[in-house]
Amino acid sequence: MIRVSNVLEEMILNEFEEVPFHNLFFLHGIDHSPSNYGGTCSDKVLNFYRKLKMQGVSSRLCSGYIGGQETHRLIQVEWNGQSYFVDIGNGWPCIRPFPVRQGYEYEAFGLIFRSKVVGDSLEIYKSGKRGFHLMLSVPLRQKPEEEIREDIKNRFRDRSIYPFTSGLRFARVVGDDFLFLKGTTLTRYRFAGSIEKRENLDRKALERVITDEFNFQFPPEFQLSSIIPSYENED
């Protein structure tokens, strides 16, 4: 069972359970309003930001760099006198907040997330088969929220700079598992640390995975079959 230590962590975990990361809207240029239907980092961040404001939590929009490109959005939260980056828009289960000005490490679903301050940025790493790799770099001095909102509005203009344009992505915490769909491969990361994979899923299998295993119902105005990419064996 996943354990949390305070209300903020509970809110973050609930959001990863209720709101999936996916790129279906993005792949088809659909600018969908922030909601529990999820989307990429911008969609998820705006949705959680709205909920934080409703709860009276002091927060602001932030941006970060992936692969040298400023393409990622996250939230800075003031909580109990401390400042944290909340990476709610990540496609990986960043279910705990990262202190802004000090290193931190935790494990979730067999994955280890580690942060450290390097110069004027907080660098966040994720464990993998070949050790840790840099996942995200977040400037400690952020630009104004108005500029970040403008970046979000223009996110469809140059899609080549994003890391998830090559195929389908879908991710969600479901029960004690983290499910990650990339292309036609579904990986299940269990809370106990084991990993299961299913590969070469066809279109009908992908539809069943999204609706049944991810337990996700798409907005009524969209036909799921019409926005799942038509490729068959892309990883």
Side-chain angles (χ1 to χ4, degrees), residues 1-2 4 9-55 73-75 86-95 108-109 152 155-156 159 162-191 195-235:
M1 181 179 180
I2 307 168
V4 294
E9 289 188 359
E10 183 178 4
M11 292 175 66
I12 295 170
L13 176 59
N14 287 343
E15 194 74 0
F16 272 100
E17 292 173 332
E18 294 176 3
V19 184
F21 176 96
H22 64 80
N23 63 346
L24 289 173
F25 293 147
F26 186 88
L27 290 177
H28 294 271
I30 299 171
D31 193 3
H32 200 267
S33 299
S35 70
N36 282 357
Y37 289 122
T40 56
C41 63
S42 296
D43 304 298
K44 290 199 63 181
V45 159
L46 289 177
N47 190 52
F48 193 58
Y49 180 79
R50 174 177 58 87
K51 294 177 181 178
L52 289 171
K53 290 295 187 181
M54 291 175 62
Q55 294 293 325
R73 319 296 168 213
L74 59 163
I75 301 173
V86 175
D87 195 9
I88 202 71
N90 205 313
W92 293 101
C94 290
I95 61 174
F109 306 99
I152 291 174
R155 67 189 183 279
F156 295 113
R159 304 187 193 192
Y162 291 91
F164 44 72
T165 56
S166 61
L168 180 61
R169 301 288 188 276
F170 215 101
R172 189 176 195 174
V173 173
V174 180
D176 286 343
D177 299 341
F178 171 70
L179 303 184
F180 183 77
L181 181 62
K182 180 180 180 182
T184 59
T185 298
L186 173 66
T187 305
R188 181 183 294 271
Y189 296 84
R190 297 197 178 278
F191 182 71
I195 298 175
E196 298 176 3
K197 277 195 175 186
R198 290 163 54 193
E199 300 178 319
N200 299 318
L201 301 171
D202 60 23
R203 180 189 281 259
K204 289 190 177 298
L206 290 173
E207 289 185 38
R208 288 194 298 270
V209 163
I210 291 174
T211 57
D212 297 342
E213 298 194 41
F214 282 94
N215 192 27
F216 183 75
Q217 297 300 317
F218 230 69
E221 63 266 32
F222 300 119
Q223 291 294 321
L224 181 58
S225 60
S226 69
I227 52 180
I228 286 184
S230 59
Y231 59 85
E232 292 296 327
N233 294 303
E234 182 180 349
D235 289 328

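Fair warning: this is a prediction, and the values are worked out from it, not measured in the lab. What you see below is based on every heavy atom in this structure, not just the backbone, and it leaves out hydrogens, waters and symmetry mates.
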Task: Test side-chain contact (heavy atoms from CB on, under 4.5 Å) applied to Arg190 - qualifying residues, sequence neighbours left out - done: Asp177, Arg188, Ser194, Glu196
Task: Parallel, tilted or perpendicular, as decided by the 30° and 60° cut-offs, for the rings of Trp92 and Phe178 - done: tilted
- [ ] List for me each residue that meets side-chain contact (heavy atoms from CB on, under 4.5 Å) alongside Cys94, sequence neighbours excluded, and say none if there are none.
- [x] Phe16, Asp87, Asn90, Phe98, Tyr106, Phe113, Met135
- [ ] Apply side-chain contact (heavy atoms from CB on, under 4.5 Å) to Phe170 and Leu206, showing your working.
- [x] CA-CA 10 Å; Phe170 215 101; Leu206 290 173; over 6 Å; no
- [ ] Quick one: closest heavy-atom pair of Ala108 and Pro93, and the distance?
- [x] CB-O, 4.2 Å
TODO: Would you give the length of the straight line joining atom CD1 of Ile12 to atom CD of Glu9, rounded to the nearest 0.5 angstrom?
DONE: 6.5 Å
Open item on the list: Between Asn36 and Glu18 (side chain of the first, backbone of the second, donor and acceptor by atom type, cut-off under 3.5 Å), is there such a pair?
Closed with: no
Open item on the list: I'd like to check Leu181 versus Ile210 (side-chain heavy atoms, cut-off strictly below 4.5 Å). Are they in contact?
Closed with: yes
Open item on the list: Going by the rule ring pair (Phe, Tyr, Trp, His ring centres under 6.0 Å), which residues pair with Phe48 if we only count those two or more places apart in sequence or in a different chain?
Closed with: none
Open item on the list: Tell me the closest heavy-atom pair linking Arg73 and Ile152, and the distance in Å.
Closed with: NE-CG1, 3.8 Å
Open item on the list: Checking the side chain of Arg172 only, and the main-chain atoms of Asn215 only, is there a donor and an acceptor separated by less than 3.5 Å?
Closed with: yes
TODO: Sequence neighbours left out, what passes side chain to side chain donor-acceptor pair (under 3.5 Å) with Ser42? Give chain and number order.
DONE: none
- [ ] Any pair with a residue in residues 35-45 that passes salt bridge (charged side-chain N to carboxylate O under 4.0 Å, His left out), sequence neighbours left out, goes on the list, sorted by first then second residue, please.
- [x] Asp43-Arg155
Open item on the list: What's the separation between atom CZ in Arg169 and atom OG1 in Thr40, rounded to the nearest 0.5 Å?
Closed with: 12.5 Å
Task: Any residue meeting salt bridge (charged side-chain N to carboxylate O under 4.0 Å, His left out) with Glu15, in chain and number order, not counting sequence neighbours - done: Lys51
Task: Leu74 and Val86, any side-chain heavy atoms less than 4.5 Å apart - done: no
TODO: With rounding to the nearest 0.5 Å, note down the distance linking CZ in Phe216 to CG in Leu24.
DONE: 8.0 Å
Open item on the list: Suppose we screen for side chain to side chain donor-acceptor pair (under 3.5 Å). Which residues come up paired with Asn14, at least two apart in sequence or across chains?
Closed with: none
Task: Nearest-0.5 Å distance that lies between atom OH in Tyr37 and atom CZ in Phe25 - done: 8.5 Å
Task: Closest heavy-atom pair and its distance - Ala171, Gly91 - done: CB-O, 3.3 Å
TODO: To the nearest 0.5 Å, tell me how far Leu13 CG sits from Ile88 CD1.
DONE: 9.0 Å
Task: Taking every non-hydrogen atom, the tightest pair across Phe214 and Phe180 - done: CZ-N, 4.3 Å
- [ ] Could you tell me the separation between the CZ atom of Arg208 and the NZ atom of Lys204, rounded to the nearest 0.5 Å?
- [x] 8.0 Å
- [ ] Go through the structure and list residues passing side-chain contact (heavy atoms from CB on, under 4.5 Å) with Thr187, not counting sequence neighbours.
- [x] Thr185, Tyr189, Ile195, Lys197
Task: Minimum-distance pair of heavy atoms, taken over all atoms of Leu201 and Arg198 - done: CD2-NH2, 4.1 Å
